[in-house]
Amino acid sequence: MTVWRKSSRSNGGGGGTCVELAQLPGTIGVRDSTNPTGPILKFDRRELAVLLKAVKADKHHL
């Protein structure tokens, strides 16, 4: 069974723009929490670390 997790900082006040992550076989899945049956992006740990670093570095543009 796949367990999807949302950030502990997600309190529902973000306008529904949250993502969820789950450990999948050989990868980490990322999906839109408002569309749980929609597409899933898959990353290995290194790729996800690069993505998160880029998002954090550019957070003032969000």
Side-chain angles (χ1 to χ4, degrees):
M1 178 177 160
T2 303
V3 178
W4 290 92
R5 293 189 172 94
K6 208 181 313 185
S7 170
S8 60
R9 294 183 180 207
S10 176
N11 62 6
T17 57
C18 297
V19 296
E20 298 174 315
L21 283 80
Q23 182 67 49
L24 303 174
T27 63
I28 299 168
V30 180
R31 71 179 184 185
D32 179 349
S33 64
T34 63
N35 186 12
T37 60
I40 298 170
L41 300 175
K42 295 179 181 177
F43 300 94
D44 65 28
R45 290 189 180 277
R46 183 193 59 78
E47 292 168 332
L48 185 59
V50 169
L51 173 66
L52 293 176
K53 183 177 179 180
V55 169
K56 288 177 184 179
D58 199 34
K59 66 182 175 185
H60 63 279
H61 291 290
L62 298 177

message: Arg5: which residues meet the side chain to side chain contact (heavy atoms under 4.5 Å, CB included) condition with it, sequence neighbours left out?
response: Val3
query: How about Leu48 and Leu21: do any of their side-chain heavy atoms sit closer than 4.5 Å?
result: yes
- prompt: Say you draw a straight line from SG of Cys18 to NZ of Lys6; how long is it, rounded to the nearest 0.5 Å?
  reply: 5.0 Å
message: Taking Val30 as the starting point, is it possible to reach Leu51 by hopping between hydrophobic residues whose side chains are less than 4.5 Å apart?
response: yes
Linked, directly or transitively: Ile28 and Val55 (ILVMFWY side chains, under 4.5 Å): yes
task: Sequence neighbours left out, what pairs pass side chain to side chain donor-acceptor pair (under 3.5 Å) with at least one residue falling in residues 18-29?
output: Glu20-Arg31, Gln23-Arg45
task: Search all heavy atoms of Trp4 against all heavy atoms of Gly29 and return the closest pair with its distance.
output: CZ3-O, 3.4 Å
Identify each donor-acceptor pair in which a side-chain atom of residues 36-44 lies under 3.5 Å from a protein atom, sequence neighbours left out, and give them as a table.
{"residue": "Asp44", "atom": "OD1", "partner": "Arg46", "partner atom": "N", "Å": "3.1"}
{"residue": "Asp44", "atom": "OD1", "partner": "Glu47", "partner atom": "N", "Å": "2.7"}

